[in-house]
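Worksheet: the structure to be examined is printed underneath.
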Amino acid sequence: MIRAGKLDRLITFTREIEEVAASGAVSKSWVTIATVRAEPMQRSTEEFLIGFGEANAGGAVFRIRYMAGVATTDRVICDGDTYDLDEIIVLGRKRSLELRCSKAAS
């Protein structure tokens, strides 16, 4: 169970779409699919030790209430930083999701 007071950040999910122009040219863009409240989590000790030396990789872990339709192809934006979703873990019986993210390449 997630306590409402711990959900102190707003994160935005974006998904890449392809648009085809009348000329046949394909352009890709990111569109917002949802904005939800999240709890930022500390990385586990194991992840910290394995990732030693990768400090500039900039990973993040967020916990949100369960939301269907989230995929690892989506991106998360929090406090102006963009993250790729690496792993989505369902906690409990669809009570919450833990999102393990890495900093998106610009």
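For this chain, numbers begin at 1 and follow the sequence in order.
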Would you say Met41 and Leu10 are hydrophobically clustered, going by side-chain heavy atoms of ILVMFWY under 4.5 Å? no

Show the nearest heavy-atom pair for residues Leu7 and Arg65, with the distance to one decimal. CD1-NE, 3.7 Å

Same hydrophobic cluster for Tyr66 and Val70, using side-chain heavy-atom links shorter than 4.5 Å among ILVMFWY? yes

With side chains defined as the heavy atoms from C-beta onward, is the minimum distance between Val76 and Phe13 less than 4.5 Å? yes

Sorted by chain and residue number, the salt bridge (charged side-chain N to carboxylate O under 4.0 Å, His left out) partners of Asp86 (sequence neighbours excluded) come out as none

Side chain to side chain contact (heavy atoms under 4.5 Å, CB included) test vs Arg75 passes for just one of Ile33, Thr14, Leu85, namely Thr14

Student check: side-chain heavy atoms of Leu97 and Arg63 closer than 4.5 Å: no

Residues at least two apart in sequence or cross-chain that pass side-chain hydrogen bond (donor to acceptor under 3.5 Å, both in side chains) with Glu87, listed by chain then number, are none

Determine, using the 4.5 Å side-chain heavy-atom cutoff (strictly less than), whether Met67 and Tyr83 are members of one ILVMFWY cluster. yes

Check the hydrophobic clustering (I, L, V, M, F, W, Y; side-chain heavy atoms under 4.5 Å; chains of links allowed) and say if Val61 and Leu99 are grouped together. no

What closest approach, in Å, do Ile64 and Arg37 show between heavy atoms, and which atom pair accounts for it? CG2-O, 3.6 Å

Hits for side-chain hydrogen bond (donor to acceptor under 3.5 Å, both in side chains) against Glu19, two or more places apart or cross-chain, chain-then-number order -> Ser29

Could I get the full list of side-chain hydrogen bond (donor to acceptor under 3.5 Å, both in side chains) partners for Arg15, not counting sequence neighbours? Asp74

Run the side-chain contact (heavy atoms from CB on, under 4.5 Å) test against Glu16 and tell me which residues pass, sequence neighbours left out. Lys28, Trp30

So, do Cys101 and Phe62 sit near enough that their side-chain heavy atoms are less than 4.5 Å apart? yes

Taking side chain as C-beta onward, heavy atoms only, is Asp84 less than 4.5 Å from Lys103? no

Can you list everything that forms a salt bridge (charged side-chain N to carboxylate O under 4.0 Å, His left out) with Arg9? Sequence neighbours excluded, please. Asp79

Heavy-atom distance under 4.5 Å between the side chains of Ile11 and Thr35, does that happen here? no

